[in-house]
Amino acid sequence: MTLDKRLGQRFLPYGANYLAWSDMSELREVVEQKVLFRYQTESESMASRLERTVADRLGAAHALAVHNCTEALRLCLISTRPSIGDVVYVPAVTFVAVAGAVLSCGLIPVLVDADESLSMDPTLLPPDARRVVVAHMEGTVARVPRDVPYVIEDCAQSLGARLPDGRHAGTAGYAGTYSFHHNKVLTSGEGGLIVTSDREAWARMRSYHDHGSARVPGRYPTWDADAHYGENFVTSEEVAAVQSQQFRHLDEVLAGLERMYAIAMELLPDRPDLRVLPRAAGDAKVSLRFRWESRELRDAAVDALTARGIANWTLDKYLLPDHPVLKARRSLYADGFPWSHAPDRPLAVSRDGFARTRDLLDRTLCVPLSPELPEQEQIVAAKTVCQVLEVV
Ligand SMILES: *Cc1c(COP(=O)(O)O)cnc(C)c1O
């Protein structure tokens, strides 16, 4: 296929390219078993197998599959046994799901400003911070704060990334969360996963995600005398099967991203008005990140790439201080829950009212990389990006 023909097609992110009927043995298996509920299978469920595989691969003691990463974040937060109105420090630059997860648990998000890499700056956290969500955005590994009892690493956009010490993102704190939404590194349309090495935390999450039950697979659930209420976040066998298929390709996806990133970094021009933001060795190389001298140049680049059919995006949408959900503090509850429980102090931590972060976001542009392409096509694709940017 010629490049121009390929560029004319819709962009498929990462793992979605690896979905193929010829490769769906796990899905075939669960359909042939005719049991799609994980706790009623004859042998070990696909969901349990997936959890074991993920925990082993990422270096965590336990994993739990749920419906999406927002639920995963909620479950992690609830499992810390908070009180209504407790604050949770969250990144000022992240997807609004993080704030929604915090609020829907009856907790209050406090926005913490970003560093130069647009990740949360942990030096801004107050010494008494108890709950912090760190988001590793766009495959970029954020600094994980120390000495905070509950650090939840949101790895929705960074499955497979590694911290500077070699551990996987998601395994340094209390728990890590992952998304299998269509746009993420791997996909099952929707899907979420939690890893933790805290056995009791895992037990609390498992119980809450299954109506507060003590479950023996194959049996009707039972409730201990000291049971608490829960909800139903239990995943389904066919979803776990697709996730297992995707997971088989994780190393291939990560290697394909590394390869195209290296190719592009060789080709990209050295210009005073355009910086390619370097990535750390452990980052998942999901995109090239550009920083322009001005917003006008950035917007011109967006137009030029879009006109050539080259996928690209900005990160403006992630600036939570300007997000309607947070600015207006509205709620569907008649009493404004949980905002009605917010402490009487500023719910943001920034040195300059987010001015610097706003400026960085205004000038940032991301071009996703294509792990599925053979090397020759990656070279052609990277050259095309360079050509388009040259005339901006
Ligand atoms: C996508 C995303 C989420 C939410 O994931 P879902 O699986 O769609 O619920 C949470 N945090 C970040 C940073 C995300 O990018």
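One-based numbering, in listed order, for ligands and for the atoms of each. Below, all heavy atoms of this structure are taken into account, side chains as well, without hydrogens, waters or symmetry copies.
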Practice task
Count the heavy atoms belonging to other residues, nucleotides or ligands that lie under 6.0 Å from NZ of K383, then report whether that count exceeds 12.
Solution key: no
Practice task
Only pairs at least two apart or in different chains count here, so list each salt bridge (charged side-chain N to carboxylate O under 4.0 Å, His left out) that has a residue in residues 140-153.
Solution key: D115-R143, D121-R143
Practice task
May I ask you to decide if the ring planes of Y39 and F37 are parallel, tilted or perpendicular, using 30° and 60° as cut-offs?
Solution key: perpendicular
Completion exercise
R295 meets the salt bridge (Lys or Arg N to Asp or Glu O under 4.0 Å) criterion, sequence neighbours left out, with D299, D316, D362
Could you list the donor-acceptor pairs under 3.5 angstrom formed between side-chain atoms of residues 126-134 and any protein atom two or more places apart in sequence or on another chain?
| from | atom 1 | to | atom 2 | distance (Å) |
| --- | --- | --- | --- | --- |
| R131 | NE | T80 | OG1 | 2.7 |
| R131 | NH1 | D86 | OD2 | 3.4 |
| R131 | NH2 | T80 | O | 3.3 |

Contact table, ligand 1 N/O with protein N/O, distance under 3.5 Å:
| from | atom 1 | to | atom 2 | distance (Å) |
| --- | --- | --- | --- | --- |
| ligand 1 | 7 (O) | C69 | N | 2.8 |
| ligand 1 | 7 (O) | S179 | OG | 2.7 |
| ligand 1 | 9 (O) | C69 | N | 3.3 |
| ligand 1 | 9 (O) | T70 | N | 3.0 |
| ligand 1 | 9 (O) | T70 | OG1 | 2.6 |
| ligand 1 | 11 (N) | D154 | OD2 | 2.6 |
| ligand 1 | 15 (O) | Q157 | NE2 | 2.7 |
| ligand 1 | 15 (O) | K184 | NZ | 2.6 |

Exercise for the section: State whether a side-chain donor-acceptor pair under 3.5 Å links R38 with S48. Expected result: yes
